[in-house]
Colleague: 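Pasting a structure here, questions to come.
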Amino acid sequence: MSVIGEAALSAFLELLSAKLLDSVLNFVADHRLVHQQLKLWQSILPEIKAVLNHAEEKQIKHEGVKNWLDDLQDLAYDVDDILDEFAYQELRLKLQKTQAQASSSKVRKLIPTCCTGGHFSPFSFMFNAKMISKIQAITDRLNSLNTRRSSLGLSEIMSQGATSKGNKPRLQPTSLMDGAVEYVGRVDEKQEMLELLKSKNSDGVCVLSIVGMGGMGKTTLGQLVYNDPSIKESFDHKSWVCVSDDFDAVNITKTILRSLDADSRDENDLNLIQVKLKEKLSGKRLLLVLDDIWNESYSDWTILRAPFGAGTKIIVTTRLQKVSSNVDSVKVLSIFAQHALKSRNFDGHLQFKEIGENIVRRCNGLPLAAKAIGSLLRTVTDHSEWEKVYESEIWDLPEDPCGLIPALRLSYHYLPPHLKRCFAYCSIYPKDYEFEEEEIILLWRAEGFLQSKAKIQGKGLGNQYFQDLVSRSFFQRSSEDKSRFVMHDLMNDLAQSVAGEICCRVEGEKQQKFSHRSRHSAYVIDDWEQSVKKFEAFYQMTSLRTFLRLIAPSYGEFYLTKVVLEDLLPSLSYLRVLSLSGYEIYDLPDFFENLKHLRYLNFSSTRINCLPDSLCSLHHLETLILRDCSKLKNLPSKIGNLVNLHFLDIRGADSIQRMPSGFNQLTKLQTLSNFVIGEGDGRLIRELKNLSNLRGNFCLSGLENINGQDAREAKLNEKLGIDGLELQWGPDLENNTRKTEVEERVLDFFHPPKKLEQLIIENYGGVKFSSWIADSSLKNLSSLKLHNCKNCKSLPSVGRLPLLKDLSIIGFDQVQKIGVELFGENQLNPFASLEILSFESLPNWKEWDTCEGDEKVLKLPSLRELSIKTCPQLVGRLPTHLPSLQKFEIHGCRNLVVSISRCAELLSSLQTMSLSNISKFNIPADRTMLRFGNSEHFAINGWEKLASLSRYGFSLVGHRFISVWRCPQLQSLEAEEAELQPDKMSRVESLEIASCDRLNRLPQLPPNLKKLRIRKCENLEYLVDEKEDNKSMSSTLCLLEELSIYKCPSLMSLSSKGHKNICNQLQLLQIYHCSKLSCLFSNTKFPITLKYLRIWGCPMLEYIAEEFEESACLESIVFFRSGIKSLPRGLDKLIHLQEISLLSCSNLVSFEESGLLTTSFRAFVVVGCGNFGALPKCMASITSLQRLSVRNCSADISFPLEGFPANLTSLAISNAPKIYRSLVERGLNRLTSLQELTIGGGGCSNVVSFPEEGIGMMLPPSLTLIFLSEFENLEYMFSEGFQDLASLQRLEISECPKLISLPEKDMLRSLGFLRIYRCPLLKEECSSDKGREWSKISHIPLVRIDGKAVIPRESD
């Protein structure tokens, strides 16, 4: 335990005393020896608790006291485990007795005879010798601690006064906005940084640093700048990365790439990731914030910066220079005053002015410290208590190496005990980990931290605790997601310090020191397959209470070694929290009888299909999370035994067709995400009657299986805590068993509580809605979604709901007219608050009566989004009074004529407009100048008759992002007069055209166009069809930076005559599957600005240019299935070149032997080029080369005599026996950085073992992946060659027909993935537990043989 890390022992001991008093002593009353010892515990614990305040202060300077507190905390946990065992047994016996009394004799037979007599006793199975020895050992330790207490001179002292606040929960935080506090004194710095960021910079990446010690407010300043609205105008993309002390260039780059492209593949090859990132950023302006950098390595920083160009501005926050002058004392004093006094200064509180200034001076200019201490004193009105804070010895403690400042230690010191435990527990979270309030409250409850004698109303005790820690700045809102929270790095350091050995965490390869004292642990492991080796540390923690898997922000399928399920978890018998969320787990071992202490169980997003019956023996279980368990078919049949269940989440578990009986016994249930009524189970819904504590969001599905009386008995209107309700009938409305009158009656009886905020009704089969839906008593209803109510002929009058903001109407087949019945007859101001309105799939809707021309014209003053989709018969007019409209979508309304003759207000605010499959869009001549002046996005899709945009009043003018898709008659985009005035199109930055078959030319490109994408335009022959008489065209410079052309089979060249160079600013050029393309840059030189060149499937293209220019910026060259014969001369001039990939280019023989520069070049890939026979001689000297792949080229290809590049991290060869032999002779182990090794054995018929036995061939210890294929005579894997591969994670073996054995099991402990393909002998030995090789692989998380998963084996 650290200096002040007693972590609220006082609260813990008080809880233990309460457990002894409540019931345990009564439970063991018949066992004299046990009762006697527990009485002794009851007498000693208060004596120890009384001296904790003294011990907490004295431990600062007294090592013996600190050790005493460590031992006391360890003992307290062991005492709690014993008492919890008693409580479990008592609860189990009570439950059995209740069931025995209420059941038939059949059930009675299942109960032990010792429990069914007139006087049953628990001792026959509880108090065995092992249990009694445990109790005696604890008594001995307790006596020893009490003796040491006296010898250490610990005595009872008065409590710390008002600042400690005892065990009383702190009042809810005030409405004082965090923003009003955090922004103090930051206006000037923020403005200065904004000006620097917006300034022009053409000399590469611009880096701005915010330097200061921890808590200075660096991150806050960065957030203010990052979230400023003006940033959006200056940058195309922005990305925020929390770096902290783990500077991992791969993960940082992956995070940036994911922020730009959420669908990007999860790669670990830095070169591939950086190349993709450069492509995404080509021609783009990026603002990147790297928050909290500790790494000072110049080389690491250089590697990280490699993908960024002149359009990138980087803000770095760092504590490396410990400077506090950035924030002056006046500003910090103001921050302190706001948190302590709810005022910006001390003018109204002069009695605190001097002492307040003294405290602020001790905060050393740190806003975080001022906030924490100010929050501590917020409700303290006694001057002497302020003085106690100022005079505390904790100020004099030295700052520790991780920057833990005394002010933060002091803020923790004065927390109430109940909050100390909650905060210390959060040390299991890694730095920068974002968590939800509900997530952490559920964990606190499971650990027993939420204890109160008073009944807490509203959101509960956990919410009070959480908001109290937020108000004291221990937690703060995430800058990325306002629904989530994060701990400042210094607060995370503080939590680790106070928790000491009790809490620990595993992050990737980093593991803290674990000990037998550790009770709470969380881990974040990014590897998709998590091997035995990753969990070895957990075997030391025999008394672990928390086994929490935290999901990293990455995508993919995660596999867990079965050793964790079958061996490790059953041994952790004291667990309160178990989470295996997100793993590809199909079957669960029946281990729950060993885990009787469990309170929290999370199997969300796993593939389990059933839950063992033993789960229902977890009588203490409070939280069960089965969210997105899509394979799960049933809940346990005895779920009624989970009498302490508070939280059950089965959202996304859509295979569950019915609920078991027994929910009426779950009277403590507060959150029930969904209750499914199966066919014939209608009466089960009556069990909801007893669940009066339900709150939050609640879904009832399968409602076609109940009747009105069932619905009435559910007493839905009495569940006052429900604020979101979803009523779901089955989707088959044609079923003969469905009766409209029954469903109408059911809906009538589902009148929700009046405080309801959200309502969804889906697949309702009635003809009309219940009157309560439009009842003004639902005054809090803000969201209403009516979906697939196909029998309803009219809509409810929901316009009278005063706070309705979101209305969605989908799938109403019978509705033909929408008018006054929707917004309410005689309603003066309908839909006053409505912001989002969407209609979809109304096949017979013909008219929207908006009362145009009438005094009662429909006005939607707050509407921001209007969407109408798939309403093919709609012909009427749309509302015109939409002054706030920002997004306007009309799709699939073939007969609709949209007229904006009266929509001037609409145009003023519109930002996004999307039209598809409509009949006509009229813009009268007197309004064509409006041209959607503020619109950012403009999209047209599937308009079959559209031949020209200008004929319909559309224009390229005024938009920034334009998309035109599937307009087969479209021949031109602009009228010729607009083409000759390109300045009028100056805002257009992105243009995308797809599937416009008649389009054969493009307009004059807008002068600021940066991104152009063309797809599937069959008649497009040239990108620009030049005209001899158009002199202005050839003189106009084009700023196009990114050009992509895909499947344009008639395209021959980029320009028809070759005079106009449209590529003078081009940075990215990618052309795919243009079979007639024969020329890229006719009569022009290779563009020097081009960075990325991608040519796929262009067989007629034989060359791209004669020679590269001296100043060329080219970084990446990729050709695939193209006719290219050779690369241009001058490769040695490309000082920025990083990658060359030549794939399936059969005409390629070699390229000019002019050499390759060695500073930036990282990847050289030649695959499937059958005539390519020689690698560059300079290859060995390219020290920057990391990835080399030579596969399926000429069989005679060999490696230069000079040898292999020394710094390779990835090497792949196939059908290259000469290269393989060179590797063997030189020694693979010389490649000390090699991580991935791929070898195809074509032509290596003499190889019978790998590595080759007898020649001392060893593999590099750095390897993480080995892929072997096509070794026709390979028989076995030489185990000794694998003995140093402690990091090997993936082993793949393909097409080795004679291979029969793998390395020994000990060589494969780190393995997470094994793939075997077309190896028949090895398959036979590995496919089941009867095979001779099975014992070697059974621990591996994922094993695939011939494409099928053998481990884990999906159950039928």
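Counting from 1, the numbers follow the sequence of the chain as shown.
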Colleague: Closest approach of H1073 and C1098, non-hydrogen atoms and distance?
Modeller: N-SG, 4.3 Å

Colleague: Side chains of L1131 and L1137: closer than 4.5 Å at any heavy-atom pair?
Modeller: yes

Colleague: Looking at H937, H891, E889, which one forms a side chain to side chain donor-acceptor pair (under 3.5 Å) with S914?
Modeller: H891

Colleague: State which residues pass salt bridge (charged side-chain N to carboxylate O under 4.0 Å, His left out) with K1047; sequence neighbours excluded, sorted by chain then number.
Modeller: none

Colleague: If the condition is salt bridge (charged side-chain N to carboxylate O under 4.0 Å, His left out), which residues does E1102 pass it with, not counting sequence neighbours?
Modeller: K1125

Colleague: According to ring pair (Phe, Tyr, Trp, His ring centres under 6.0 Å), who are the partners of F1267, at least two apart in sequence or on a separate chain?
Modeller: none

Colleague: Please name all residues satisfying side chain to side chain contact (heavy atoms under 4.5 Å, CB included) with K1218, sequence neighbours left out, ordered by chain then number.
Modeller: D1196, S1198

Colleague: Please list, chain by chain and in numerical order, all residues satisfying ring pair (Phe, Tyr, Trp, His ring centres under 6.0 Å) with F1108, sequence neighbours excluded.
Modeller: F1086

Colleague: Residues in side chain to side chain contact (heavy atoms under 4.5 Å, CB included) with K284, at least two apart?
Modeller: D236, H237, K1011, E1042

Colleague: Mind checking what makes ring pair (Phe, Tyr, Trp, His ring centres under 6.0 Å) contact with Y1072, not counting sequence neighbours?
Modeller: W1096

Colleague: Which residue in the set L1223, L1188, T1238 passes side-chain contact (heavy atoms from CB on, under 4.5 Å) when paired with I1213?
Modeller: L1223

Colleague: Around atom CZ of R1121, are there more than 12 heavy atoms of other residues, nucleotides or ligands at under 6.0 Å?
Modeller: no

Colleague: Quick one: do the N1192 and N1215 side chains pair a donor with an acceptor below 3.5 Å?
Modeller: yes

Colleague: For residues I1045 and C1074, determine if any side-chain heavy atom of one lies less than 4.5 Å from a side-chain heavy atom of the other.
Modeller: yes

Colleague: Name all residues meeting the side chain to side chain contact (heavy atoms under 4.5 Å, CB included) criterion together with N1171; count only those two or more places apart in sequence or in a different chain, and write none if there are none.
Modeller: V1149

Colleague: A side-chain contact here means heavy atoms from C-beta on lying under 4.5 Å apart; do W965 and S916 qualify?
Modeller: no

Colleague: Do L1208 and L1185 have side chains that get closer than 4.5 Å, going by heavy atoms?
Modeller: yes

Colleague: With sequence neighbours left out, what residues match L1143 under side chain to side chain contact (heavy atoms under 4.5 Å, CB included)?
Modeller: F1120, V1165, V1167

Colleague: Do Q969 and R998 meet the criterion of a side-chain donor-acceptor pair at a distance under 3.5 Å?
Modeller: yes

Colleague: I want to check something: taking the side chain as every heavy atom from C-beta on, are L1068 and L1043 in contact at a cut-off of under 4.5 Å?
Modeller: no

Colleague: By salt bridge (charged side-chain N to carboxylate O under 4.0 Å, His left out), which residues pair with E992, not counting sequence neighbours?
Modeller: R1015

Colleague: Any ion pair linking K1010 and E989 (charged N to carboxylate O, less than 4.0 Å)?
Modeller: no

Colleague: Just to verify, what does S1116 make a side-chain hydrogen bond (donor to acceptor under 3.5 Å, both in side chains) with, not counting sequence neighbours?
Modeller: R1094, E1139

Colleague: Kindly indicate whether the side chain of F1172, heavy atoms from C-beta on, has any atom under 4.5 Å from the side chain of S1194.
Modeller: no

Colleague: Who are the salt bridge (charged side-chain N to carboxylate O under 4.0 Å, His left out) partners of D1346, not counting sequence neighbours?
Modeller: K1323

